[in-house]
Amino acid sequence: MTTVGVPAGWPATEEEARAVQDELRGLVVLDEPGPPPGEGRVTGVDVAYDDDLDLVAAAAVVLDAATLEPVAEATAVGRVSFPYVPGLLAFREIPTVRAALDALPCPPGVVVCDGYGLAHPRRFGLASHLGVLTGLPAIGVAKNPFTFTYAAPGPVRGSCAPLLAGAEEVGRALRTQDGVKPVFVSVGHRMSLDGAVAHTLALTPRYRLPETTRRADALCRRALREAAQDVSGRRGQDGTIRQAPTS
DNA sequence: GCGACAG
DNA sequence: ATCTTGTCGC
């Protein structure tokens with residue numbers, strides 16, 4: 001596990017954060033189909049919070065794309081770098097997620113985020129932001145439609161319908177299991193929408209959410225529990241931080 | 001102006 | 001995201 005602070009120059013206000021998004025948005029690569037699903041490696045990233053303890057724990061879990069078995073994993077713990085503001089989620093998650101990705105012993109392949117990419121008020125959600133900063137192909141798979149609209153996809157696994165911002169298709173509502181609420185897939189970086197949907201289907205043989213997300217979610221929660229244990233052990237009742245044990 | 005709003 | 005027990009079902 002690695003520890004991270006808030007990066008120097010990280011936006012402190014919503015205005016600054018939006019300006020960063022407007023500046024980086026142009027760097028998203030949309031003309032690559034991305035690696036084929038079922039080959040190479042796919043990495044899930046997720047984050048868990050304890051706002052009271054000012055803790056963020058991130059996990060990155062690398063799966064073999066063919067078998068969906070984990071081949072590597074890493075975690076990182078840091079301070080909360082930004083409040084939750086709809087549309088600015090990336091500023092809350094990225095520093096710790098990047099640290100976890102950097103701690104991996106192997107290349108991540110395609111990164112699967114818990115949230116959106118292009119399906120975003122300024123077309124630059126978490127998956128796009130993380131993709132641009134790392135250069136990795138990335139997609140977003142979210143659990144709800146945010147402010148976007150969609151027609152219900154067919155009831156069978158694999159059915160999908162456009163996720164719409166007005167008339168613009170920003171992603172797809174995808175049924176990953178028969179009769180189960182769809183997930184909301186969007187392109188992050190260096191991947192086509194069809195590719196993002198195909199990857200998502202390949203990652204959901206059994207459950208609604210991708211195996212990448214499920215594994216990363218379980219791991220970051222565990223990392224948060226352990227970090228919270230450590231912190232409470234080192235903090236007095238007045239919040240004073242005592243010295244970490246030297247061993 | 002007010003409410004809704006990825007995680 | 002997080003607060004949270006039991007419960008219905010494969």
Side-chain angles (χ1 to χ4, degrees), chain A residues 11 14 17-18 20-21 24-25 28 44-61 75-98 100 111-132 138-150 157 163-166 168-174 176-189 193 196 200 205-210 212-225 227-228 231-232:
Chain A
E14 299 184 21
R18 285 190 204 96
V20 169
Q21 291 181 329
L24 295 182
R25 175 174 47 195
V28 177
V45 293
D46 195 17
V47 175
Y49 301 94
D50 189 320
D51 284 281
D52 293 330
L53 292 177
D54 186 26
L55 281 178
V56 183
V61 180
T75 60
V77 172
R79 318 288 298 273
V80 174
S81 53
F82 209 84
Y84 172 66
V85 179
L88 300 178
L89 178 65
F91 296 93
R92 190 166 164 78
E93 309 219 324
I94 277 183
T96 322
V97 166
R98 283 201 76 177
V111 177
V112 181
C113 297
D114 196 4
Y116 283 126
L118 294 187
H120 178 273
R122 286 167 294 283
R123 306 295 178 266
F124 196 69
L126 172 63
S128 297
H129 201 146
L130 189 62
V132 163
I139 68 174
V141 181
K143 296 182 284 292
N144 73 57
F146 201 7
T147 60
F148 304 106
T149 60
Y150 65 102
R157 166 175 153 85
L163 185 64
L164 299 171
E168 179 185 1
E169 183 179 32
V170 294
R172 232 160 254 168
L174 173 67
T176 55
Q177 297 298 321
D178 291 357
V180 169
K181 175 185 161 124
V183 299
F184 303 89
V185 179
S186 58
V187 168
H189 184 57
L193 182 52
T200 304
R206 170 106 171 85
Y207 298 103
R208 174 180 178 238
L209 297 179
T212 39
T213 304
R214 293 166 42 78
R215 298 272 189 178
D217 180 71
L219 182 56
C220 71
R221 290 188 196 226
R222 194 186 324 149
L224 181 65
R225 280 202 308 272
V231 168
S232 1

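Values in this document were obtained by computation on a predicted structure and should not be read as measured data.
- Within 4.0 Å of A/Leu163, counting heavy atoms only, lies no atom of the nucleic acid at all.
- For B/dA6, neither phosphate oxygen OP1 nor OP2 lies less than 4.0 angstrom from any side-chain nitrogen or oxygen of A/Arg92.
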- Message: Please evaluate residues A/Asp46 and A/Arg221 with respect to the criterion salt bridge (Lys or Arg N to Asp or Glu O under 4.0 Å), reporting the C-alpha separation (whole Å), side-chain torsions for both, the decisive distance (0.1 Å), and the verdict.
- Response: CA-CA 9 Å; A/Asp46 195 17; A/Arg221 290 188 196 226; over 6 Å; no

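- Residue contacts shown for A/Arg206 are absent, as no nucleic acid heavy atom lies under 4.0 Å away.
- Taking atom CZ on A/Phe146 and atom P on B/dA4, their separation rounds to 14 Å, with Å as the unit.
- Panel note: side chain A/Arg215, backbone A/Thr212; no donor-acceptor pair is recorded below 3.5 Å.
- With values rounded to the nearest 0.5 angstrom, A/Tyr49 atom OH is found 10.5 Å from A/Leu224 atom CG.
- Using a 4.0 Å cut-off, no side-chain N or O of A/Tyr49 falls inside it from OP1 or OP2 of B/dG7.
- Side-chain proximity of A/Asp46 to B/dG7, B/dC5, B/dA6: nearest is B/dG7.
- In this structure, the aromatic ring of A/Tyr84 is positioned over the six-membered ring of the base of B/dG7, centres within 5.5 Å and planes within 30°.
- Put simply, CZ on A/Phe148 is 18 Å from P on B/dA4, counting in whole angstrom units.
- Here C/dT2 presents its P atom at 12 Å from CG of A/Leu55, a figure rounded to the nearest Å.
- Atom CG of A/Asn144 and atom C1' of C/dA1 are 12 Å apart (whole Å).
- Note on A/Gly87: a base of the nucleic acid sits closer than 4.0 angstrom, heavy atoms only.
- In this entry the distance linking CG of A/Asp217 with P of C/dT2 reads 8 Å, nearest Å.
- Separating the CG atom of A/Leu130 from the C1' atom of B/dA6 is a distance of 14 Å, rounded to the nearest angstrom.
- By the 30° and 60° cut-offs, the orientation of the rings of A/Phe91 relative to A/His129 is perpendicular.
- To the nearest angstrom, P of C/dA1 lies 21 Å from CZ of A/Phe91.
- For the atom pair CG of A/Leu126 and CZ of A/Arg92, the computed distance is 12.5 Å after rounding to the nearest 0.5 Å.
- Within the nucleic acid shown, A/Ala48 comes within 4.0 Å of sugar-phosphate atoms alone, with no base atom in reach, counting heavy atoms only.
- Taking 4.0 angstrom as the limit, A/Lys143 places a side-chain polar atom (N or O) nearer than this to OP1 or OP2 of B/dG7.
- Spacing between atom CD1 of A/Ile94 and atom P of B/dA6 amounts to 17 Å, rounded to whole angstrom units.
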